[in-house]
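To start, the structure itself, in structure tokens.
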Number of protein chains: 2
Amino acid sequence: MAIMPDRELKKGNAELLILALLEEKTRHGYEIGKLIAARSEGVLRFHVASLYPLLYRLERRGWVKGEWEPAGGRRRRYYRLTPTGRRILAEQRSRWRAFSGAVNRIVEVRHA
Amino acid sequence: MAIMPDRELKKGNAELLILALLEEKTRHGYEIGKLIAARSEGVLRFHVASLYPLLYRLERRGWVKGEWEPAGGRRRRYYRLTPTGRRILAEQRSRWRAFSGAVNRIVEVRHA
DNA sequence: TCGCCATATATGGCTGTACTATATATCTGC
DNA sequence: GCAGATATATAGTACAGCCATATATGGCGA
């Protein structure tokens, strides 16, 4: 509650965020983490310890495909969206719209 | 994934939904559950087994105050928002706006 | 050249929220 | 009188994301 109040809010959205970022181009884990923080202007921050297991999960399900690429003496694993991943992204996008719309209908009631 | 795909999406929003509904007037648990389903047009459904413990939690924290009222031979526990609860509601509303706005900035990128 | 920070990935154990399953009891309409 | 809606209660479970910790490279300043 104190430090990271949105902890629970984020649940169920991490996958959608990652898939959406991979829609544009292939990216590696660390980059994805930084990008989420940047584009959300610091509102959303995923810890690396959440991110990597999440990427493995997505790969295990066949939604993304990772590939090691050397960057100097350092290695990076770049992920790209699979056709299945693209379909799931579309589904999760519409689920998010329905969900956030429903929450807003209840929470944003104009009260005189 | 099959029956209740938003299971994780809902985490962290239940409290906000309940507080928002109690802002209008005092309500009892069962009523709150029905109202969430109705206003969200079936998108959001909280099982009673989630609802009651949640209400106890809110009461334990002093955000709501419950009171037994007989309704015929049946008893109902009506909850009303406390001043603290009202403050928390305002906080959670703005957290939700920030959160959903941030998700939208990442997910709803207009891609040519 | 040595130390520090950012970059980059990996993983075991924990927390907290909502669910499943099950239980009790009253009211209403057929 | 019996089915289904109303109304509340709770023990046990699942699982996403976090904390702590570990390893290793690249670049910058003192």
Side-chain angles (χ1 to χ4, degrees), chain A residues 1-19 26-38 40 43-61 63-64 66-79 92 99 103, chain B residues 1-19 26-38 43-61 64 66-79 92 99 103:
Chain A
M1 272 292 291
I3 294 159
M4 186 72 254
D6 310 290
R7 178 157 168 181
E8 295 301 327
L9 272 180
K10 289 189 285 186
K11 294 199 174 177
N13 286 289
E15 295 177 0
L16 169 60
L17 294 172
I18 291 175
L19 294 176
T26 68
R27 299 182 193 278
H28 58 92
Y30 191 83
E31 185 189 0
I32 291 170
K34 290 289 170 193
L35 207 54
I36 288 176
S40 71
V43 175
L44 269 25
R45 278 176 194 286
F46 277 90
H47 290 238
V48 286
S50 313
L51 215 52
Y52 293 107
L54 219 166
L55 287 166
Y56 308 150
R57 202 168 81 208
L58 297 184
E59 186 163 21
R60 206 171 55 242
R61 291 180 188 160
W63 300 358
V64 303
E67 216 165 333
W68 286 111
E69 276 181 40
R74 180 184 290 169
R75 75 222 178 98
R76 284 182 185 144
R77 192 162 177 83
Y78 280 87
Y79 292 93
Q92 294 210 0
F99 173 79
V103 171
Chain B
M1 274 289 291
I3 296 159
M4 187 70 255
D6 309 291
R7 178 157 166 181
E8 295 301 328
L9 274 179
K10 288 189 285 185
K11 293 199 174 175
N13 285 290
E15 295 177 1
L16 168 60
L17 295 172
I18 291 174
L19 294 176
T26 67
R27 299 182 193 279
H28 58 94
Y30 192 84
E31 186 189 358
I32 291 171
K34 289 290 169 193
L35 207 54
I36 288 176
V43 175
L44 270 24
R45 278 175 194 286
F46 278 89
H47 290 238
V48 286
S50 313
L51 216 51
Y52 293 107
L54 220 165
L55 286 166
Y56 307 150
R57 202 168 81 209
L58 297 184
E59 186 162 22
R60 206 171 54 244
R61 291 181 188 159
V64 303
E67 216 166 330
W68 286 110
E69 277 181 41
R74 179 186 289 168
R75 74 224 177 98
R76 286 181 184 145
R77 193 162 175 82
Y78 278 89
Y79 292 93
Q92 294 210 1
F99 173 79
V103 171

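Chain letters run A, B, ... following the sequence lines, proteins first and then strands; every chain starts at 1.
- Residues B:Leu44 and B:Asn13 are not in side-chain contact: their nearest non-hydrogen atoms beyond the backbone lie 4.5 Å or more apart.
- Regarding contacts with the backbone of C:dC19, every side-chain N or O of B:Arg45 stays at 4.0 angstrom or more from both OP1 and OP2.
- Each of A:Glu59, A:Glu67, A:Arg27 was scored for a side-chain contact (heavy atoms from CB on, under 4.5 Å) with A:Tyr79, with one residue passing: A:Glu59.
- Between the CG atom of A:Leu54 and the C1' atom of D:dC15 there is a distance of 12 Å, given to the nearest Å.
- Between the CG atom of A:Leu55 and the C1' atom of D:dG17 there is a distance of 13 Å, rounded to whole Å.
- Close to D:dT8, at under 4.0 Å from its OP1 or OP2, lies a side-chain N or O of B:Tyr52.
- Between B:Lys34 and B:Tyr79, the residue anchored closer to the 5' end of DNA chain D is B:Lys34, taking for each the nucleotide with the nearest heavy atom.
- Atom CD of B:Glu59 is separated from atom P of D:dA9 by 10 Å (rounded to the nearest Å).
- Residue B:Arg57 places at least one side-chain N or O closer than 4.0 Å to OP1 or OP2 of C:dA18.
- Between A:Tyr78 atom OH and C:dT7 atom P the separation is 13 Å, expressed in whole Å.
- Of the candidates C:dT11, D:dG17, D:dT8, the closest approach to any side-chain atom of A:Ala49 belongs to C:dT11.
- With DNA chain D read from its 5' end, the first of the two nearest nucleotides for A:Pro53 and B:Ala71 is the one closest to B:Ala71.
- Residue B:Ile18 contributes atom CD1, which lies 12 Å from atom C1' of C:dT17 at whole-angstrom precision.
- Here the side chains of A:Glu69 and A:His28 are not in contact, with every heavy-atom distance at 4.5 Å or above.
- One interatomic measurement links the two molecules: CZ of B:Phe46 to P of C:dT17, which rounds to 12 Å at whole-angstrom precision.
- The side chain of B:His28 lies closest to D:dA7, out of C:dA8, D:dA7, D:dC18.
- Listed pair A:Tyr30 / C:dT7 meets the phosphate criterion, a side-chain N or O lying under 4.0 Å from OP1 or OP2.
- Distances were taken from every side-chain heavy atom of B:Arg75 (C-beta onward) to each of D:dT8, C:dT9, C:dC19; the shortest belongs to D:dT8.
- Side-chain nitrogen and oxygen atoms of B:Arg74 include at least one within less than 4.0 Å of the OP1 or OP2 phosphate oxygen of D:dA7.
- Distance A:Glu15 CD to D:dC15 P: 13 Å, rounded to the nearest Å.
- Remark: P of C:dA18 and CD1 of B:Ile32 are 14 Å apart, rounded to the nearest angstrom.
- B:Leu51 comes within 4.0 angstrom of nothing in the nucleic acid, heavy atoms only.
- For the pair B:Leu19 and B:Val64, the minimum side-chain heavy-atom distance is below 4.5 Å.
- Distances shown here put every side-chain N or O of A:Arg76 at or beyond 4.0 Å from the OP1 or OP2 atom of C:dT9.
- Using a 4.5 Å cut-off on side-chain heavy atoms (C-beta onward), A:Phe46 and A:Ile18 make no contact.
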